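Below is one structure; the comments refer to it alone.
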Amino acid sequence: MQRITILGATGSIGVSTLDVLARHPDRYSVYALSAHSRVEELAAQCTQFKPARAVVGTAEAAAKLEELLRAQGLRTEVEYGEQALCAIASAAETDTVMAAIVGAAGLAPTLAAAKAGKKVLLANKEALVMSGQLFMDAVRDHGATLLPIDSEHNAIFQCLPHGYGRVPAAAGVTKVLLTASGGPFLKRDVSTLENVTPDEACKHPKWVMGRKISVDSATMMNKGLEVIEAHWLFGTPAEQIEVVIHPQSVIHSMVSYSDGSVLAELGNPDMRTPIAHALAYPERIASGVAQLDIAQIGTLQFERPDFNRFPCLALAFDALRAGGTAPALLNAANEVAVAAFLEERIGFRQIDRVIARVMDELPHGAAGSIGQVMAQDAAARAAAERVIAGLLKP
Ligand code: NDP
Ligand code: MG
């Protein structure tokens with residue numbers, strides 16, 4: 001029996017994870033669940049999965065959850081805050097941690113899971129983008145197992161001979177090809193992007209996801225973060241990572257080899273496939289996802305990304321090449337800009353401008369410790385808010 005903690009259980013990845021777990025009650029039990037503010041959803045999950053512990057964001061949310069659970073006679077222990085998240089991620093009673101909190105808030109608990117030597121299923125790409133080498137060192141030094149949930153990285157993992165970790169030269173890998181759907185604005189007239197609404201940006205043609213990653217997909221910053229994620233997971237240098245637009249999202253990514261072979265992983269676009277793969281690895285379990293009917297799909301299309309349409313992609317490559325804390329600056333500025341866009345404080349095309357200004361203004365430094373990374377994260381958030389305030393001036 002594998003005992004699972006889900007960080008971010010009420011989100012899109014959290015809900016898909018619970019859907020897979022519910023299909024295999026003989027294999028998996030739920031040790032702990034976390035949410036931030038969606039207390040009623042978390043209470044319903046506790047009713048179904050009966051975890052020993054549940055964590056929320058604030059004391060008020062904890063009091064509300066406590067009340068809901070006690071009314072049903074559930075004994076789940078209720079806690080709140082970052083320390084409690086780190087505790088459920090590193091407890092001796094859990095084997096596997098699904099890291100599915102969105103954004104930088106997930107870094108501390110995901111790192112705690114790695115340092116406790118857990119099997120870490122990584123959806124929270126921002127945590128790895130921010131901490132890069134430090135995170136990979138923690139995984140190695142504490143004997144943790146890291147399995148990618150992001151569909152592209154899970155696909156690459158499946159197409160590599162040795163899984164994650166620095167791919168040896170003898171493996172003959174020449175390139176990893178990250179596929180991207182291109183999001184909702186792939187074909188839209190660029191001059192009209194200025195006026196798109198948050199709801200339009202969140203209407204992804206192929207994947208149903210949380211709002212932050214949906215906006216990231218529309219700007220293609222999501223692919224940019226994934227380029228950095230691939231670099232750290234597989235040790236691939238920037239020049240060996242290529243992004244290719246593939247609107248059908250049937251091929252989830254590819255690896256090309258020196259003999260001319262290109263291996264790809266295909267499937268219906270549903271996150272339960274990579275989740276089930278990582279949960280059961282190296283075995284295979286049913287995920288609830290329908291088998292791919294390739295003949296019915298008929299045509300697969302590919303094209304190169306237009307960096308003028310998607311400046312965030314170029315910014316991410318720049319940050320990866322700059323190294324140090326540059327990816328952490330990029331991530332923090334992006335989180336602030338996306339939140340401002342979702343709150344309709346800035347327009348869609350101002351997201352990349354805010355990030356570019358922050359990257360220009362703030363010198364990046366060495367990422368020698370998590371303290372340094374967090375200091376740069378805070379500085380970039382403050383700088384992004386200043387830039388946004390400047391944009392709002394009449
Ligand atoms: P959602 O927004 O749907 O869910 C986020 C989860 O994190 C929720 O449980 C939310 O709680 C919780 N949360 C939000 N803010 C905080 C905080 N400050 N502290 C603690 N918990 C918090 O996101 P997704 O599920 O879409 O994405 C999760 C992660 O997975 C992201 O890093 C994303 O990039 C990655 N990912 C997602 C994919 C997808 O298909 N959705 C695909 C590949 C990667 P509450 O519900 O209470 O707000
Ligand atoms: Mg992805």
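On a predicted model such as this, the values are computed, not experimentally measured, just so you know. Just follow the structure's listing: the first ligand is 1, and inside any ligand the first atom is 1. Because only heavy atoms are used, hydrogens play no part in the values below, and waters and symmetry mates are left out as well, while side chains stay in.
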Task: Test side chain to side chain contact (heavy atoms under 4.5 Å, CB included) applied to Ser369 - qualifying residues, sequence neighbours left out - done: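 Listed in chain order: Gln372.
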TODO: Answer with yes or no after comparing the ring centroid distance for Phe157 and Phe234 against a 6.0 Å cut-off, counting only values under it.
DONE: no
Looking at [Y] and [X], is there a salt bridge between them, counting it only when a charged N and a carboxylate O are closer than 4.0 Å?
{"X": "Arg357", "Y": "Glu361", "result": "yes"}
{"X": "Glu200", "Y": "Arg188", "result": "yes"}
{"X": "Glu93", "Y": "Arg3", "result": "no"}
{"X": "Lys175", "Y": "Glu242", "result": "yes"}

Open item on the list: Quiz question: by atom type and distance under 3.5 Å, do the side chains of Ser256 and Thr174 form a donor-acceptor pair?
Closed with: yes
TODO: For residues 106-118, pull every pair meeting side chain to side chain donor-acceptor pair (under 3.5 Å), keeping only residues two or more places apart or in separate chains.
DONE: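 For residues 106-118, and leaving out neighbouring residues, there are no side chain to side chain donor-acceptor pair (under 3.5 Å) pairs at all.
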Pick out the protein N or O atoms lying less than 3.5 Å from any N or O of ligand 1, and list each pair with its distance.
from, atom 1, to, atom 2, distance (Å)
ligand 1, 3 (O), Ser12, N, 2.9
ligand 1, 9 (O), Gly8, O, 3.4
ligand 1, 9 (O), Thr10, N, 3.4
ligand 1, 9 (O), Thr10, OG1, 2.8
ligand 1, 9 (O), Gly11, N, 3.2
ligand 1, 11 (O), Thr10, OG1, 3.4
ligand 1, 11 (O), His36, N, 3.0
ligand 1, 19 (N), His36, ND1, 3.3
ligand 1, 25 (O), Ser12, N, 3.1
ligand 1, 25 (O), Ile13, N, 2.9
ligand 1, 26 (O), Gly210, N, 2.9
ligand 1, 30 (O), Ala123, O, 3.4
ligand 1, 32 (O), Glu126, OE1, 2.6
ligand 1, 41 (N), Ser12, OG, 3.2
ligand 1, 46 (O), Thr10, OG1, 2.5
ligand 1, 46 (O), Arg38, NE, 2.5
ligand 1, 46 (O), Arg38, NH2, 3.0
ligand 1, 47 (O), His36, N, 2.7
ligand 1, 47 (O), Ser37, N, 2.6
ligand 1, 47 (O), Arg38, N, 2.7

Open item on the list: Looking at Glu303, I'd like to know if its CD atom is crowded, meaning that more than 12 non-hydrogen atoms belonging to other residues, nucleotides or ligands lie closer than 6.0 Å.
Closed with: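 Yes, because the 6.0 Å sphere around CD of Glu303 holds more than 12 heavy atoms from other groups.
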TODO: Please report how many protein N/O/S atoms lie under 2.8 Å from the Mg ion (ligand 2).
DONE: 3
